[in-house]
Amino acid sequence: MRPAPTVLHLDMDAFFAAAEQAAKPSLRGKPVVVGGLGPRGVVATASYEARRFGVHSAMPMAQARRLAPNAAYLVPRFALYRTVSEQVMELLGRLSPLVEPLSLDEAFVDLEVGGSAADAASARVTGERLRRDIRAVTGLTGSVGLAGSKMLAKIASEQAKPDGLVLIEPGTERELLGPMSVRTLPGVGPATGEHLRRAGMTTIADLTEAGEDELVRLVGKAHGTSLYRMASGHDDRPVVAERETKSVSVEDTFDVDLHDRVRVRTEVERLAERCVRRLRESGHSGRTIVLKVRRYDFSTLTRSETLRGPTDDPGVVREAAGRLLESLDTTGGVRLLGVGVTGLTDYTQEDLFAQAAADAEAAGATGAVDEPDPVVAPGEPEPRSDTDEVADEVAERHWPAGHDVRHAEFGAGWVQGSGVGRVTVRFEEPTSDVPGRVRTFRTDDPDLALSEPLPLVAVPPDGEPGPRAPG
């Protein structure tokens, strides 16, 4: 535990939904839900206006629509979110070389190492300046927690939401933590929480009163000791600038169960291609291919194959995933498929063709190995399965709800909805002062096309928006 609150945790407020509201003047102050719009889609993020109706992340989209039928339901625009995330991470990098991103919208920062803060007063000044800079550069708000440890900084940022700052003074940890639920502590999920509840422990104060020996008896030595230390406010985990990627995977949940074996094979091959793109973007190759199949009855089957050497060749991963599929019974229907690569190593040119060449030689082939696809520039974060299905929905729908378009006559706008050969567009930009006008076109209108997201904050003619770097 540090003697000063120099660990900062930033959490952007309702990030995906807030970005959509910033981009669309007509949605500001209104309930917005971002996620997969199909029957089996889930909520990725809900605006605070939507949360008042009980909508929250990871909720089935069908349930969200029942709770908030008048909300705007949009497909995620990951290109926009990544751009904003890079702007935020750049601001954090100005505070310290030790920035530990947890996701697109969340990160820890070690202010002490960066010389940005040495005590409570300077930490608060730095935190407030960061919040102002984020708003100036992105137009969005973020909540900041400051404390002497990562655990407490994250708790503080949660208390600060939305658009606030909470600083936990060293020495006040136990008083602050005492009345909080045991679920507040890292590693205490529903099962452990219920186990502790049955033992009469519902608050963090109950854990400290029970003592370390009792917690060890209830949940085991390693977990019990860790739980007691955290309940007492102790957390010595350092801020780590680079987090090791252990695996890369993608998966899709289908609106309707797949019964056609050929269609299942086609989807597995497509997922393998996507997985390899992510693998290359992360700068890795891997040895073990993993196939995941969730059947109609929710039973989940997982199979893996370890290759002779690491690879990032799409043909190798595709064929390995196909072999794994042949060993599984998909009779009755498939509701989810996933392909992953584990056993990662740093990317090397030699890895690229090793496995494919070995397979060709073993099969008696004489032709050259297929060239790999072009390497995509790095920058995409480690994938999360809850966003994979909605990302694919974007690719499959011609006019995804919420996505940017441009019309030859009317200019920039976004898709409000589409169907029966028509697409409805609201023509407005992030910098518009008032909601834009709505027009409907044929889906094959040659003057209408999807376009790249516009900046959320106007860029002045002489350079980038936002604050100058300190100096």
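Starting from 1, each residue takes its place in the sequence as its number.
Considering Val293, Asp257, Leu328 as possible partners of Val334, the one that fulfils the side-chain contact (heavy atoms from CB on, under 4.5 Å) test is Val293. If you run side-chain contact (heavy atoms from CB on, under 4.5 Å) between Leu448 and each of Val415, Val425, Thr443, only Val425 comes through.
A donor-acceptor contact under 3.5 angstrom links the side chains of Glu106 and His9, judged on distance only. Under the 3.5 Å distance criterion, with hydrogens and angles disregarded, a donor-acceptor pair is assigned to the side chains of Arg294 and Thr300. Judged purely by distance below 3.5 Å, without hydrogens or angles, the side chains of Glu428 and Trp414 pair a donor atom with an acceptor atom. Under the 3.5 Å distance criterion, with hydrogens and angles disregarded, a donor-acceptor pair is assigned to the side chains of Thr330 and Arg261.
Residues Arg77 and Gly402 share a closest heavy-atom pair of CD-O, 3.6 Å. Between Ser96 and Asp110, the closest heavy-atom pair is OG-O, 2.7 Å. The minimum heavy-atom distance between Ala14 and Ser47, with the atom names listed, is CB-CA, 4.3 Å. Of all heavy-atom pairs between Leu165 and Ala160, the closest is N-CB, 3.7 Å. A pairwise comparison of heavy atoms in Gly178 and Thr203 identifies O-CB, 3.5 Å as the closest pair.
Applying the side chain to side chain donor-acceptor pair (under 3.5 Å) rule to Asp260 yields no partners; only residues at least two apart in sequence or on another chain are considered. Partners of Ser143 by side chain to side chain donor-acceptor pair (under 3.5 Å), not counting sequence neighbours, listed by chain and number: Asp13.
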Salt bridge (Lys or Arg N to Asp or Glu O under 4.0 Å) between Arg198 and Glu194, worked out
CA-CA 6 Å; Arg198 289 198 299 267; Glu194 176 60 21; 3.6 Å; yes
Verify side-chain hydrogen bond (donor to acceptor under 3.5 Å, both in side chains) between Glu305 and Thr288, making sure each step is shown before the conclusion.
CA-CA 6 Å; Glu305 176 181 325; Thr288 302; over 6 Å; no
Evaluate side-chain hydrogen bond (donor to acceptor under 3.5 Å, both in side chains) for Glu86 paired with Tyr81, printing each intermediate quantity in order.
CA-CA 9 Å; Glu86 289 167 2; Tyr81 310 149; over 6 Å; no
May I have the step-by-step check of salt bridge (Lys or Arg N to Asp or Glu O under 4.0 Å) for Arg274 and Asp252, ending in yes or no?
CA-CA 11 Å; Arg274 279 177 53 202; Asp252 275 341; 3.3 Å; yes
Please step through side-chain contact (heavy atoms from CB on, under 4.5 Å) for the pair Met230 and Leu177, ending with a clear verdict.
CA-CA 10 Å; Met230 289 190 295; Leu177 292 172; over 6 Å; no
Apply salt bridge (Lys or Arg N to Asp or Glu O under 4.0 Å) to Arg278 and Glu281, showing your working.
CA-CA 5 Å; Arg278 291 177 183 268; Glu281 289 164 11; over 6 Å; no
If you apply the rule side-chain contact (heavy atoms from CB on, under 4.5 Å), what do you find for Asp235 with Leu152, and how did you get there?
CA-CA 8 Å; Asp235 177 21; Leu152 292 171; over 6 Å; no
Hey, mind stepping through Arg94 and Glu90 against salt bridge (Lys or Arg N to Asp or Glu O under 4.0 Å) and telling me if it holds?
CA-CA 7 Å; Arg94 297 178 186 181; Glu90 181 182 352; 3.6 Å; yes
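Leu8 has its side chain out of reach of Phe108: every pair of non-hydrogen atoms, C-beta onward, lies at least 4.5 Å apart. Side-chain contact between Val276 and Val248 is absent, with no heavy atoms from C-beta onward closer than 4.5 Å. Between Leu111 and Val7, the closest side-chain pair of non-hydrogen atoms is not below 4.5 Å. At a threshold of 4.5 Å between non-hydrogen side-chain atoms, the residues Pro186 and Met151 count as touching. Under the 4.5 Å side-chain criterion, counting only non-hydrogen atoms from C-beta, Arg183 is in contact with Pro190. Ser232 has its side chain within reach of Tyr228: a pair of non-hydrogen atoms, C-beta onward, lies under 4.5 Å apart. You'll find the side chain of Lys292 stays beyond 4.5 Å of the side chain of Arg303, heavy atoms only. Residues Asp11 and Asp105 form a side-chain contact, since some pair of their non-hydrogen atoms from C-beta on lies under 4.5 Å apart.
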Compile the donor-acceptor pairs under 3.5 Å between side chains in residues 55-75 and protein atoms, sequence neighbours left out, one pair per line.
| from | atom 1 | to | atom 2 | distance (Å) |
| --- | --- | --- | --- | --- |
| Tyr73 | OH | Ala64 | O | 2.9 |
| Tyr73 | OH | Arg65 | N | 3.4 |
| Tyr73 | OH | Ala68 | O | 2.7 |

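Between Arg132 and Glu128, none of the side-chain N atoms (NZ, or NE/NH1/NH2) sits under 4.0 Å from a carboxylate O, so this pair counts as no salt bridge. By the 4.0 Å N-to-carboxylate-O rule, Glu100 lies close enough to Lys150 to be salt-bridged with it.
Under a cutoff of 6.0 Å and an axis angle of 45°, Arg51 and Tyr48 form a cation-pi pair.
For Phe441 and His407, the ring centers sit closer than 6.0 Å to each other.
Within a 6.0 Å radius of CZ in Arg2, more than 12 heavy atoms belonging to other residues, nucleotides or ligands are found.
Side-chain atoms of His195 come within 3.5 Å of backbone atoms of Leu218 as a donor-acceptor pair (strictly under, hydrogens ignored).
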